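Below, chain A is the first sequence line, B the second, and so on; all start at residue 1. Keep in mind it's a predicted model, so treat the numbers as computed, not measured.
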Amino acid sequence: MDKFYITTAIPYVNAKPHLGHALEFVQADVIARYQKTAGKEVFLTTGADENSLKNVQAAEKLGISTQELCNRNSELFKKFAQTIGLSFSTFMRSSNPDLHLPGIKKLWNACVKNGDIYKKRYKGLYCVGCEAFYTEDELVDGLCPEHLTKPEVVEEENYFFTLSKYQRKLIELIEGDSLLVYPESRKNEVLSFVKSGLKDFSVSRSSERAKDWGLSVPEDASQKIYVWFDALGIYLTGVGFGRDENLFKKWWPADVHVIGKGIIRFHAVYWPAMLLSAGLELPRKIFVHDYVTVEGQKMSKSLGNAVDPMQLLERYPVDAVRYFLIRESPAWKDADFSEAALRARIDGELVADLANLVARILTIAEKTDVGSISGAEELLVHSNVDKVRKSMEDFDMYGAINEIWAVIRMVNKYINDTRPWEAKGAALGKILYNALEAIRIIAILIQPFMPSTSERIFEQLGVQPQPLSEARFKRFEGRPKRGKNLFERAK
RNA sequence: AGCGGGGUAGAGCAGCCAGGAGUGCUCGUCGGGCUCAUAACCCGAAGGUCGAAAGUUCAAAUCUUUCCCCCGCUACCA
């Protein structure tokens, strides 16, 4: 069986999950479940980046230890991933000394062995408040824009990675799509960045500056590994790198990394360069999604408009939230969230189109002798199914769901036109055959997007859940029994 | 400033690469049909100088040029 390895970005866990994480988890999960229903064996890695300085700062603010903060928040993220239906195979915490650490050491040493990590004195403008370096032009009147203090000139010796060495190779790989960056606008963005010239970047910081938090550089305890080097490595250690070579052999390389637009450089430039250096295969694709805005504005703490997805899931069905996030997210555009828009989607589409279709047909089908349900195929859904497949292979989930809705609307229209409530005998059987088979196919198609709704439709039809290969008209063999409404109106 | 993406009915989009009557989709508005279905479903109508100007062409939303406006990226920002 073909394998498919997919990852979500690894969030740093300095705070609880927000709606952006929800979007990422749902998109990754929809791709994963699609591949499963298309017949592949799927492995999904997600996890928590715990070695970030941001976590140290967050813990200080709360007056708890960094480890305690990580334990607490990683648990929240894991719980959230489960609640939103992320079908992950592994939740890898970067602080895990047994599962993660050996792989990172191995990765680091492989880069060292290839001559790509060297020591260099680094001098920069460092703001103690931000615990970050600034470049001259980022400063406002020579002061830190955040704290309005004069940054110190800090000089220390760090390890650097020879990114510059890989410039030509990266251009070749990305241009030729052997490392495919999707959508194309992002690919162009990366290419223009790489072509503008790559500089080596530091892959460690002094333990002092790292507040002694993080993974130590092998053979040099005075330095901590740069969090990116470590966090990206989760994609490898998630499938056994450095501890289970058979597992690793089976799953690597990743078929796709799902990431947000803010971290594209790390994934499309640094990461492939690191892998090239270590002599490992590159991921095949990088899927870049945009952000979630709230009522047209960026989510931010200062605006106080951050939406807590956990709370949202207490008030709305998980499948409705999943549907909404996909429905509002073409890959090239921010998705805008508002509760009014969510309700409109629920009432206007999930209730009025999908749930209503199932309800109106099941009511009639339940009263009809199943033996008489047969007849010629009148609803032509093949081309829709093909389009859904094509869209999904291209990661165009937005396009796929549009196409699925075209089928739902077509069946609703078919029912209006054929008037099954007036029909009898063979005529009724034929209409029901078409409608029920179409609904079965719809249940198959929505499986990746709304898994539990799909299951409930199969249940009402009285058939077993089915893979994508069954998404074509055949004999209807279910025992229809109307169940509870799939969705209730939100207002 | 440079590079990239975008500006199409009240809103959100598709159409552009391979020019052929402003064609289409979803929502909203108005009118009608239906009564199986959760006031759900179906049909019809109104509504656009396709950001602006110039050019190429028998013909431009589509190709070329210029301009205006919006967004993203421009190095260690997990």
Side-chain angles (χ1 to χ4, degrees), chain A residues 9-14 48-58 94 122 124 130 132-135 137-138 146 158 160-161 163 183-205 214 226-232 234 260-266 269-270 288 290-291 327-328 330 332-334 336 341 344-345 347-367 398-399 402-403 405-406 408-409 411-423 428 431-432 435 482 484-490:
Chain A
I10 308 301
Y12 60 103
V13 291
N14 68 330
D49 168 16
E50 304 192 352
N51 297 327
S52 158
L53 197 56
K54 300 252 182 193
N55 295 337
V56 179
Q57 292 167 328
S94 64
Y122 177 72
C130 298
F133 282 96
Y134 282 98
T135 58
D137 51 345
E138 282 172 329
E146 195 72 29
N158 291 150
F160 275 71
F161 178 82
L163 185 65
E184 202 171 352
S185 52
R186 297 295 168 199
K187 168 181 165 179
N188 294 337
E189 191 181 307
V190 171
L191 274 174
S192 77
F193 169 72
V194 177
K195 284 177 178 172
S196 75
L198 295 178
K199 291 186 224 157
D200 296 350
F201 67 102
S202 91
V203 284
S204 77
R205 51 182 68 180
Y226 177 45
V227 279
W228 269 108
F229 196 95
D230 158 27
L232 287 164
I234 285 184
K261 63 181 174 184
I263 55 177
I264 185 168
R265 178 165 312 150
F266 300 98
V269 183
Y270 296 11
V288 187
D290 276 23
Y291 289 155
R327 196 51 145 161
E328 296 286 336
W332 56 90
K333 205 171 147 283
D334 287 338
D336 189 48
R345 292 285 187 198
D347 292 351
E349 291 165 15
L350 294 177
V351 173
D353 295 329
L354 176 60
N356 180 51
L357 170 65
V358 172
R360 66 197 299 211
I361 275 305
L362 268 285
T363 300
I364 301 172
E366 196 173 40
K367 292 185 288 198
Y398 177 80
N402 248 322
E403 201 56 38
W405 243 253
I408 292 171
R409 293 194 164 109
V411 183
N412 264 324
K413 179 170 162 48
Y414 174 78
I415 292 167
N416 268 60
D417 293 346
T418 55
R419 311 172 66 83
W421 55 92
E422 286 175 358
L428 175 59
I431 298 167
L432 283 179
R482 184 175 170 172
K484 268 179 63 184
N485 290 332
L486 295 175
F487 290 96
E488 295 295 341
R489 293 176 67 81

Nearest to the [X] side chain among [options], which nucleotide is it?
X       : options                : result
A359(A) : U35(B), A37(B), C13(B) : A37(B)
A355(A) : U38(B), C13(B), A78(B) : U38(B)
R265(A) : A78(B), A37(B), A75(B) : A75(B)
E189(A) : C42(B), G72(B), U35(B) : G72(B)
Y270(A) : C3(B), A75(B), A78(B)  : A75(B)
R489(A) : G4(B), C34(B), U38(B)  : U38(B)
R409(A) : U26(B), C34(B), A78(B) : U26(B)

Quantified in whole Å, what is the [atom1] atom distance between nucleotide [N] and nucleotide [M]?
N      : M      : atom1 : value
U26(B) : U64(B) : C1'   : 34 Å
C13(B) : G2(B)  : P     : 27 Å
G20(B) : C3(B)  : P     : 30 Å
A54(B) : C71(B) : C1'   : 27 Å
A61(B) : G51(B) : P     : 10 Å
G12(B) : C34(B) : P     : 36 Å
G15(B) : U62(B) : P     : 15 Å
U49(B) : U66(B) : P     : 27 Å

Which nucleotide, in any strand shown, forms a Watson-Crick or G-U wobble pair with [N], with both distances under 3.5 Å?
N      : answer
U56(B) : none
C17(B) : none
G31(B) : C43(B)
A11(B) : U26(B)
G4(B)  : C71(B)
C76(B) : none
U62(B) : none
C50(B) : none

Report task. Would you tell me whether N55(A) and N14(A) have side-chain atoms, one donor and one acceptor, within less than 3.5 Å of each other? Result -> no
Under 4.0 Å, heavy atoms only, any strand: does [X] hit a base, just the sugar-phosphate, or nothing?
X       : result
I263(A) : base
L198(A) : base
E422(A) : sugar-phosphate
N485(A) : base
V227(A) : sugar-phosphate
D353(A) : sugar-phosphate
A352(A) : sugar-phosphate
R482(A) : sugar-phosphate
Y226(A) : sugar-phosphate
I10(A)  : base

Under 4.0 Å: is that the gap between some side-chain N or O of [X] and OP1 or OP2 of [N]?
X       : N      : result
R360(A) : U35(B) : no
R186(A) : G72(B) : no
K413(A) : C41(B) : no
K54(A)  : A78(B) : yes

Query raised in the report: If each of V203(A) and L486(A) is mapped to the nucleotide of RNA chain B with the nearest heavy atom, which maps nearer the 5' terminus, i.e. the 5' end?
Result: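 The residue mapped nearer the 5' terminus is L486(A).
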Query raised in the report: Quick one: on RNA chain B, does D200(A) or N188(A) contact a more 5' nucleotide (nearest heavy atom)?
Result: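 Nearest nucleotide further toward 5': that of N188(A).
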Can you measure [X] atom [atom1] to [N] atom [atom2] for me and round it to whole angstrom units?
X       : N      : atom1 : atom2 : answer
I415(A) : C41(B) : CD1   : P     : 12 Å
I408(A) : A37(B) : CD1   : C1'   : 15 Å
D417(A) : C43(B) : CG    : P     : 7 Å
Y414(A) : A37(B) : OH    : P     : 19 Å

Query raised in the report: So, for V194(A) and V269(A), which heavy atoms are closest and what is the spacing to 0.1 Å?
Result: CG2-CG2, 3.8 Å
With a 4.5 Å cut-off on side-chain heavy atoms, are [Y] and [X] touching?
X       : Y       : answer
I264(A) : F193(A) : no
E189(A) : K261(A) : no
L486(A) : L350(A) : no

Requested in this report: Report the distance from atom CZ of F229(A) to atom OG of S202(A), rounding to the nearest 0.5 Å.
Outcome: 11.5 Å
Query raised in the report: From L191(A) CG over to K187(A) NZ, what is the distance, rounded to the nearest 0.5 angstrom?
Result: 6.5 Å
Requested in this report: Under the ring pair (Phe, Tyr, Trp, His ring centres under 6.0 Å) rule, collect the residues that match up with F201(A), sequence neighbours excluded.
Outcome: F161(A), Y270(A)
Requested in this report: Using the ring of W405(A) (Phe, Tyr or Trp, six-membered ring only), decide whether R327(A) places NZ or CZ under 6.0 Å from its centre and within 45 degrees of its axis.
Outcome: yes
Query - Check: S202(A) side chain, C76(B) base, donor-acceptor under 3.5 Å - result: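 Such a pair exists between side chain and base.
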Query - Side-chain donor/acceptor of N416(A) to base of C41(B), under 3.5 Å - result: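 Result: at least one qualifying N/O pair found.
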